[in-house]
J.: 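I'd like to ask some things about the structure below.
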Amino acid sequence: MALSLKQLDSITSAFNAKEQAYDKIIRVCCGTGCITSGANRVLEGVLTAVEREGLSSKVLVKKTGCHGLCERGPIVTLGNDEILYQSVGKRDVAADVDLLLKTVTEGKVADKLLFRDSARKEKYTSSLDIPFYKGQKRIVLAMNGLINPEEIDDYIAHGGYRAPFRAFQMTPEEIIDWVTKGGLRGRGGGGFLTGRKWSSARAAKGGLKYVLANGDEGDPGAFMDRSLMEGNPHAVIEGMVIGGYTIGAQQGYIYVRDEYPLAVSRLTKAIEQARDYNMLGHDVFGSGFDFDLEIYRGGGAFVCGESTALMSSLEGKSGEPRDKYVHTVEHGLWDKPTNLNNVETWANVPHIINNGLDWYTSIGTKKSTGTKIFSLVGKVNNTGLIEVPMGISLREIIFGLGGGIRGKRQFKAVQTGGPSGGCIPEQHLDMPVDFDSLTSIGSMMGSGGMIVMDERNCMVDVARYFLRFLTEESCGKCVPCREGTRRMHEILDRICKGAGKIEDLMHLEELGKALQWGAICGLGQSAPNPVLSTIRYFSDEYKAHIIEGRCPAGVCKEITTFTIMEEKCTGCMRCAAECPMGAIIGEKKEPQRIDDLRCITCGICYDVCSFDAIKIG
Amino acid sequence: MEINKEKLDEIILKYGRDKAHLLAIFQDVQKEYRYLPKEAVRHICMRLGMPQVDGFEVATFYKSFSLKPRGKHTVHVCLGTACHLKGGADVLLSFMRELKVKTGETTADGAFTLESVNCLGACALAPLVRVDEKDFGKTTVAQSRNIIRDFTDHH
């Protein structure tokens with residue numbers, strides 16, 4: 001029997017009453033990042049301690065999805081964002097759990113667990129004050145870190161599953177009109193207008209139609225979709241129910257990467273719970289409309305993030321893309337009309353339906369409305385997941401939220417859009433982050449990876465890295481991509497090894513153009529972007545490799561040596577202690593020397609030296 | 001290699017003998033054997049009524065399937081962008097040195113298979129290493145030995 005709106009409200013009040021019966025709520029982040037840092041041990045420790053102290057009726061311990069501040073995990077919050085503790089149990093679980101309980105029982109804030117902003121040298125108690133969170137506008141991620149992703153009632157109590165009721169009062173055309181006017185664009189990278197896609201899929205002839213969610217987040221350096229699927233799986237389901245109703249699809253699939261086991265298990269649980277409440281299945285929400293969802297695990301192929309390849313993979317075949325003149329909205333999965341959106345796009349839908357057009361279009365810019373989730377990683381002080389309004393500048397993200405570059409180093413570039421994107425130099429840092437601006441400077445929005453690089457990162461090596469990635473991931477179906485990426489990688493590899501010629505730059509540009517014109521899918525067409533953007537903005541670095549035979553960043557091993565400058569070395573032996581190969585020789589308080597035979601040119605000595613005594617040669 | 005055909009049939013039936021679920025069937029079989037035996041691929045193709053070449057196409061297309069036996073533990077060193085920038089390649093080299101194998105190979109005693117992977121999605125903790133189902137964040141070259149030791153003791 002379908003739940004009515006009234007029943008949702010009573011679930012909400014029952015759930016809230018249950019939570020309000022407790023004096024305090026401890027939330028332990030159990031996203032992949034925090035689990036890696038030991039969150040499960042912390043959760044167990046807190047649960048045991050609460051029981052041991054006889055606090056079970058007073059203190060509620062909840063596990064939640066990702067808070068975003070993954071690097072400082074495990075994250076524990078108390079109350080409603082009143083106190084945020086970071087790196088809990090990193091050294092000593094028992095001691096930190098004691099501190100936590102003291103905060104709960106005596107109100108004593110544990111200084112050592114508070115977030116310290118390394119750039120600003122400040123300490124913050126509440127997450128609301130931390131610049132990393134303050135600059136954000138968390139709409140899609142609002143419930144991440146607040147609710148237990150494995151409990152549907154928690155989602156309902158926070159306003160979940162209301163949007164379908166509203167949507168079912170509207171005609172599909174009205175919904176399409178809203179989504180189009182709201183300006184929602186595909187969050188997976190393409191930036192195509194979601195409403196237009198829905199409209200074509202709705203108009204397509206055929207009784208059986210499908211809606212798909214793309215959770216094959218293959219872009220290296222990006223984990224927005226993982227956190228969303230792990231931290232708030234019901235939001236994706238809710239969006240898909242509305243999408244299914246709108247285009248007239250009765251079956252949906254969520255395609256998830258095989259590398260995301262936690263996302264698969266949380267989505268599976270969420271789908272079962274939604275079925276129990278008849279939010280999936282026959283006559284969903286009592287609307288007379290049938291809709292169900294299934295999860296499909298990928299096989300570890302980047303190209304399957306491409307729409308036609310994803311559909312081929314869903315059919316149980318290898319994931320090869322096909323030409324685009326056959327539109328998937330008419331001939332998609334099993335040759336039926338199919339509408340594919342990224343999981344973040346789906347999670348935006350309920351918000352537009354619930355809060356209306358005016359609200360949604362007031363966020364972001366005119367042509368890129370709403371917010372975007374980015375994974376801010378690399379050489380910034382605060383790495384993690386952020387949700388910001390479109391149109392915010394790169395500078396604000398990197399130096400505001402991210403707290404600037406780590407250590408004493410200088411910003412060099414930020415890479416957006418993964419292997420399809422490009423590297424953006426300092427001169428464009430004030431550029432607003434939206435779909436069109438990023439494309440205009442040779443990069444792209446992509447799915448939201450934002451990787452910050454400093455002067456110790458070599459741009460030629462970065463280009464080579466992406467081309468290596470693409471040669472491995474090219475499906476091999478079309479020649480321009482299969483052979484083009486390989487040849488470009490060969491040339492870049494040669495340059496990195498100091499054997500490049502100046503005409504190589506011309507060849508790279510030529511090959512790049514050939515790929516842009518000739519490849520059949522987005523993977524190949526955008527493959528040259530990392531190369532072309534680095535040549536465009538960092539040609540000096542290419543020339544240093546080719547003409548001078550050196551890597552200014554000290555990354556390309558074949559043409560890099562590290563030497564200790566005797567006059568500057570104090571003999572503190574820090575580098576000797578950190579060297580993984582024991583390649584640094586010398587007496588204490590005397591200048592040290594690097595044994596070239598043992599040295600693997602990892603550069604750790606250079607990075608740890610406080611006296612700038614190590615030279616890259 | 002002797003394969004248990006009854007077990008295979010059980011998995012095939014779980015997915016309704018449906019070709020569309022070939023990936024899922026392979027995933028379950030690989031979980032059983034820690035790799036995808038060629039005999040198993042042949043048997044599955046026969047049961048699903050499809051040419052073997054189509055089965056092998058899928059088995060070799062996707063990175064997560066291995067037609068070669070794998071070690072008891074699999075070490076995945078992440079080479080996603082963030083991991084690459086923070087020295088993931090050096091971490092991979094250190095595992096190669098410690099285990100005395102190249103990427104994609106298994107140690108002589110069958111204890112470890114070393115693999116690289118193009119992003120595990122825990123980029124804020126780069127460089128990342130995943131051994132079986134356990135993740136290690138912010139790894140260093142010096143740590144590889146300890147990580148291996150952790151898993152050597154348990155088998």
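Chain letters run A, B, ... following the sequence lines, proteins first and then strands; every chain starts at 1.
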J.: Under a 4.5 Å heavy-atom cut-off, does chain B meet the side chain of A:Ser313, its backbone, both or neither?
T.: both
J.: In terms of heavy-atom pairs under 4.5 Å with chain B, which of A:Thr383, A:Asn382, A:Val380, A:Val555 leads?
T.: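 Looking at each of A:Thr383, A:Asn382, A:Val380, A:Val555 in turn, A:Thr383 comes out on top.
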J.: Heavy-atom cut-off 4.5 Å, strictly under: side chain, backbone, both or neither for A:Glu294 against chain B?
T.: side chain
J.: Given a strict heavy-atom distance threshold of 4.5 Å, which part of B:Ile25 is in contact with chain A: side chain, backbone, both, or neither?
T.: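 Nothing of B:Ile25, per the 4.5 Å heavy-atom cut-off to chain A.
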J.: Counting only heavy atoms closer than 4.5 Å, note whether A:Met224 contacts chain B via side chain, backbone, both or neither.
T.: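 For A:Met224, there is no contact with chain B at all, as no heavy atom is under 4.5 Å.
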J.: Considering only heavy atoms, which portion of A:Pro261 lies under 4.5 Å from any heavy atom of chain B: side chain, backbone, both, or neither?
T.: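 The answer is the side chain of A:Pro261.
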J.: If I measure from the heavy atoms of chain B, does A:Arg456 come under 4.5 Å with its side chain, its backbone, both, or neither?
T.: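 Nothing of A:Arg456, per the 4.5 Å heavy-atom cut-off to chain B.
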J.: Under a 4.5 Å cutoff for heavy-atom pairs, which residue among A:Gly384, A:Gly221, A:Ala301 has the most contacts with chain B?
T.: A:Gly221
J.: Assess whether a salt bridge exists between B:Arg130 and A:Glu259, defined as any Lys/Arg side-chain N lying under 4.0 Å from an Asp/Glu carboxylate O.
T.: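 Not counted as a salt bridge, because no side-chain N and carboxylate O are separated by less than 4.0 Å.
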J.: So which of A:Asp258, A:Leu69, A:Ile35 has the biggest tally of heavy-atom pairs under 4.5 Å with chain B?
T.: A:Asp258
J.: Does a donor on one side chain sit under 3.5 Å from an acceptor on the other, for B:Glu57 and A:Ser318?
T.: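 The criterion, which ignores hydrogens and geometry beyond distance, is satisfied for A:Ser318 and B:Glu57.
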J.: Assess whether a salt bridge exists between B:Glu10 and B:Lys7, defined as any Lys/Arg side-chain N lying under 4.0 Å from an Asp/Glu carboxylate O.
T.: yes
J.: Give, as side chain, backbone, both or neither, the part of B:Asn118 having an atom under 4.5 angstrom from any heavy atom of chain A.
T.: both
J.: Name the option with the most non-hydrogen atom pairs under 4.5 Å to chain A; the candidates are B:Ala124, B:Gly80, B:Ser144.
T.: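 Result: the option with the highest number of such pairs is B:Ala124.
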J.: Are A:Glu472 and A:Arg468 within salt-bridge range, i.e. N to O under 4.0 Å?
T.: yes
J.: Do the non-hydrogen side-chain atoms of B:Lys19 and A:Lys317 ever get within less than 4.5 Å of each other?
T.: no
J.: If you count heavy-atom pairs within less than 4.5 Å of chain B, which of A:Gly316, A:Gly299, A:Gly38 leads?
T.: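 With the most close heavy-atom pairs to chain B, the winner is A:Gly299.
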J.: Does any backbone or side-chain atom of A:Arg226 lie under 4.5 Å from a heavy atom of chain B? Answer side chain, backbone, both or neither.
T.: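 It is the side chain, since no backbone atom gets that close.
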J.: Out of B:Tyr33, B:Tyr15, B:Phe65, which residue meets the ring pair (Phe, Tyr, Trp, His ring centres under 6.0 Å) rule with B:Phe26?
T.: B:Phe65
J.: Roughly how far apart are A:Leu314 CG and A:Cys304 SG, rounded to 0.5 Å?
T.: 9.0 Å
J.: For B:Leu120, is it the side chain, the backbone, both or neither that has a heavy atom under 4.5 Å from a heavy atom of chain A?
T.: both
J.: Given that the side chain runs from C-beta out, which part of A:Val303 has a heavy atom under 4.5 Å from chain B: side chain, backbone, both or neither?
T.: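 Just its side chain gets close to chain B.
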J.: I'd like to verify something: which residue of B:Leu22, B:Val141, B:Leu23 has the highest number of heavy-atom pairs under 4.5 Å with chain A?
T.: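 Option with the greatest count: B:Leu23.
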J.: Salt-bridged, A:Asp461 to A:Arg464, with N to O below 4.0 Å?
T.: yes
J.: What do the steps show when you test A:Phe302 against A:Phe469 for ring-ring contact (aromatic ring centres under 6.0 Å, His included), and what is the final call?
T.: CA-CA 9 Å; A:Phe302 173 70; A:Phe469 174 88; 4.9 Å; yes
J.: For chain A, find which of B:Cys78, B:Gly55, B:Ala82, B:Gly121 contributes the most heavy-atom pairs closer than 4.5 angstrom.
T.: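 Max contact count across the listed options: B:Gly121.
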J.: Rounded to the nearest 0.5 Å, how far apart are CD of B:Glu98 and CZ of B:Arg149?
T.: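 Going from CD on B:Glu98 over to CZ on B:Arg149, the span is 9.0 Å.
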J.: Under 4.0 Å between a side-chain nitrogen and a carboxylate oxygen: does that hold for A:Asp225 and A:Arg257?
T.: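 Looking at A:Arg257 together with A:Asp225, the answer is no, because their closest N to O distance does not fall below 4.0 Å.
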J.: Who wins among A:Arg72, A:Glu217, A:Glu473, A:Gln415 for the most heavy-atom pairs under 4.5 Å with chain B?
T.: A:Glu473
J.: To the nearest 0.5 angstrom, please state how far the NE2 atom of B:His84 sits from the SG atom of B:Cys119.
T.: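 It is 13.5 Å, given to the nearest 0.5 Å.
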J.: If you tally heavy-atom pairs under 4.5 Å against chain B, which of A:Phe466, A:Trp334, A:Tyr296 wins?
T.: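 Looking at each option in turn, the highest pair count goes to A:Tyr296.
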